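Heavy-atom basis, side chains included; hydrogens, waters and symmetry copies ignored. Just so it is clear, the structure is predicted and the values come from calculations on it, not from any experiment. In what follows, chains are A, B, ... by sequence order, proteins preceding strands, each numbered from 1.
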Amino acid sequence: MPADAACDSRPSIRVYNTLSKTKEPFLPLRPPRVGMYLCGPTVYAESHIGHMVGPVIFDTIKRFLTYCGYDVTFVVNITDVDDKLINKSVERGIPMSQIAVEMTADYLANLKELGVNQINHLPRATDHMDQIIAFIGSLEEKGFAYAVEGDVFFDVTKDAGYGQLSNRSVDAQQGEGGGAAAKKRNPGDFALWKSARSGEPSWESPWGDGRPGWHIECSAMSHEILGETFDIHGGGLDLMFPHHENERAQSTCCHDAPMVKYWMHNGLMRAGEKGKIGGKSDREEPTPETVEDAASGKISRSKGAGGLAELIRTQTGERIRFFLLRTHYRSTIIYNDETLAEAGTSLEAFYRFFDRFAEISDQSFYALEAPRRRSEGDFDPGQDSLIQEIHTIRTKFLAAMDDDFNTGLAISVLFDSLRSLNRYIDAEKLNATSDPASPAVVRLVRATTVIAELARVLGLFVRPPIAAGGDESASELLDGVVRLLIELRKEARERKDYATGDAIRDRLSALGVALLDKKEGTSWERSS
RNA sequence: GGCGACGUGGCCAAGUGGCUAAGGCGAAGGAUUGCAAAUCCUUUAUUCGUCGGUUCGAAUCCGACCGUCGCCUCCA
C-alpha cells in the first residue's frame with residue numbers, strides 16, 4: 001500500500017513552525033506515521049485550567065490528523081523528579097514519589113474530563129533513569145557535556161545551533177549567580193545531572209548519586225519512544241526557552257540529527273481584569289497580596305491557580321474544552337468567569353438542537369454513525385439546498401483546520417450549520433410527530449450526520465452532556481420533580497388558569513429551571 | 001536593558017494586500033406564542049490602538065509612538 005494513499009494525500013495541511021516562524025506544509029517524515037510529543041506537567045501540585053490548553057489542542061490536532069488518515073503516536077511526559085517536587089516533599093513531610101502519584105492522578109482525571117483521550121504514552125522521568133543516564137553519558141563522551149564534582153553540565157558553546165529556536169545568542173545568556181555558576185564553563189550552560197544533597201531522592205550514576213536536570217528527561221524519553229527525529233513537538237510558549245532550546249541542543253548534539261521537524265507552541269492563558277488568579281511571574285515569591293491584587297497576568301500555580309477539578313465539577317469538562325478551542329491555539333486566552341460562562345451559553349444552542357433532532361428523528365445525535373475519515377466523508381452535494389449548505393460548511397470547516405488548526409474559525413462554521421439546520425426544521429415544520437422515515441427527516445439526519453463527523457474531529461459532542469454541578473442521583477430527582485410541576489402547570493393551563501401556570505414557570509425560572517413549551521409538550525433545561 | 005507576542009463593535013473572537021470586516025455573547029425590532037422561553041428573520045464596527053509612509057488599493061506591508069503581556073535558566 002503506498003504511504004500517500006493511506007493518509008488521503010493531504011498536502012493541504014499547514015503548520016506554523018516556531019523554528020522557521022512561518023506556516024509550512026505538513027509533510028511528516030514517515031507517512032502515514034506521525035510522532036508527536038507534548039511537554040506535560042511537573043507533578044508537584046494540582047493542575048489549573050492553564051495546563052489544559054496544550055493537552056486539549058494537541059488532542060484535537062491528533063484527532064484531526066487521524067481523521068486525515070495519519071497514524072499518530074502521541075506522547076505526553078510526566079516529570080516526577082524536580083526541585084519543586086523536592087521542596088513540596090519537604091514542606092508536606094511526605095515522600096516525593098507520593099506527591100507525584102497524587103498529582104499525576106489529579107492531572108489524568110482532569111484530562112479525562114476534558115475529553116483528552118488520544119494520548120498513547122505517558123512516560124515518567126523516574127521510570128527512565130537508565131535512558132537518561134545513558135543519554136548524558138553519550139553527551140559527555142562526545143564532548144558536549146562535562147562533569148564537575150558530581151554535576152554534569154551541557155556546554156552550550158559546543159552546539160552551533162544553540163539559540164535558534166528562541167532566537168537568542170549564547171553570548172547574551174546571563175546566567176544566575178549561586179553555587180552552580182562557579183562550576184560552569186559558560187553562564188548559559190545548564191545541568192544535565194545534579195549531585196544529590198543529603199536527604200534528597202537520588203539515583204546511582206557514573207558521576208555519583210544524583211538526579212536528572214530539567215530538560216534531559218524529555219530528550220531521553222522522546223528518543224526512546226519516537227526516535228532521534230520526530231514530527232511534532234509541542235508545549236506552551238513559556239517552555240520555548242530554556243526548556244525546548246535545551247532539549248533541542250541535547251538531542252541534536254547527541255544524535256547528530258535534527259530532533260523535531262515542527263516545533264509548535266500554544267499561547268498562554270491569562271486572567272482577565274475580573275479574574276481572581278494571575279501574577280507577574282512564576283518566579284516571583286508568591287504572597288497572599290499578589291493573589292488578591294493581581295488584576296491580570298499569566299495564570300500560574302504560584303499565584304494560587306488550581307482547583308481545576310472543582311472548576312470542572314461546576315462548569316463541565318466540555319464547556320472548558322469548548323472555551324479553549326474557541327480561541328486560536330497560538331493566541332493568549334483571556335480567562336475570567338464571564339468568558340467561560342459565555343462559552344457555556346453558546347454550547348446550550350447545540351444541546352437544544354440535539355434535543356430537537358432526537359425528537360424529530362428518534363435518533364440520538366451522539367449515536368449517529370458518522371464517517372471517521374476525511375476521505376469517507378467526502379460527498380457530492382447534488383441539488384438539494386440543505387445538503388449543499390452543509391457541504392459548504394464541511395468544506396469551510398476543513399479549510400480552517402487545514403490552516404494551522406484554526407479551531408476558532410472551525411467552531412464558528414459549526415454555528416452556521418446550526419442556523420441552517422434549525423431554519424430547515426422550521427421551514428419543513430418538523431416535530432416529534434414527524435415520520436422518521438419521511439424524506440424531509442431523512443435529509444435532516446443526513447445533514448446532521450455531517451455535523452457529527454466534524455464535531456468529533458474537535459472532540460466535542462461525543463457524549464451527552466452532564467449537568468453542571470450535580471451528581472447523577474440528584475439530577476434524576478430534580479428531573480422527576482420538575483416533570484411533576486410541568487404536569488400540574490399543564491392541567492392549570494388546560495382550564496385556562498394562566499396565573500397558576502405562569503407562577504409555576506416564573507418561580508422555576510427564578511430557581512434556574514427554564515421551561516420550553518412546544519407543540520408536542522413541555523421540556524426543561526437549566527438556565528442558571 | 002535584550003528577545004518576542006498582542007492591541008478588531010459593549011464583551012469574547014476570526015480575518016495578514018483587493019467582493020458588503022466571519023462567528024459567538026449581549027442589546028433592539030419583527031415572525032411565532034394566551035404571555036413567555038426556544039427557533040427563525042432583521043438591526044447593532046464606513047472601521048480594525050495613535051500618527052505617518054509604501055501601494056491603483058491596507059485591519060492586513062514599513063516606520064515611529066502609546067498601551068498590554070510573555071521569556072531572559074535549576075540548586076536564590
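Side-chain N/O atoms of A:Arg423 and base N/O atoms of B:C41 include no donor-acceptor pair closer than 3.5 Å.
Side-chain proximity of A:Arg352 to B:G34, B:G15, B:U39: nearest is B:U39. Among B:G23, B:U73, B:A14, the nucleotide with an atom closest to any side-chain atom of A:Asp416 is B:G23.
Comparing the C1' positions of B:A31 and B:U68 gives a spacing of 45 Å, expressed to the nearest Å. Straight-line distance between the P atoms of B:A45 and B:A37: roughly 24 Å, to the nearest whole Å. Between the P atoms of B:C3 and B:U46, the separation comes to 38 Å (whole Å).
Aromatic ring orientation, A:Tyr335 versus A:Phe323: perpendicular (interplanar angle above 60°, classes split at 30° and 60°). Note on ring orientation: taking the six-membered ring where Trp is involved, the planes of A:Trp263 and A:His244 are tilted (angle from 30° to 60°).
A:Tyr498 comes within 4.0 angstrom of a base, heavy atoms only.
Note on A:Arg197: every side-chain N or O is 4.0 Å or more away from OP1 and OP2 of B:C75.
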#### Entry: Base versus backbone protein contacts along nucleotides 4-12 of chain B [heavy-atom cut-off under 4.0 Å; B, S, -]
S------BS
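A:Phe322 meets the ring-ring contact (aromatic ring centres under 6.0 Å, His included) test with no other residue; sequence neighbours excluded.
Nearest-nucleotide positions on RNA chain B for A:Phe322 and A:Ser420 put A:Phe322 closer to the 5' end.
A donor-acceptor pair under 3.5 Å links the side-chain atoms of A:Glu245 to the main chain of A:Ser166, judged by distance alone.
B:G9: no Watson-Crick or G-U partner with both key distances under 3.5 Å is found in any strand.
Atom CZ in A:Phe241 sits about 18 Å away from atom P in B:G70, given to the nearest Å.
Between A:Glu453 and A:Arg394 there is a salt bridge, with a side-chain nitrogen of the basic residue lying less than 4.0 Å from a carboxylate oxygen of the acidic one.
Taking the centre and axis of the six-membered ring of A:Phe153, the NZ or CZ atom of A:Arg185 falls outside the cone set by 45° and 6.0 Å.
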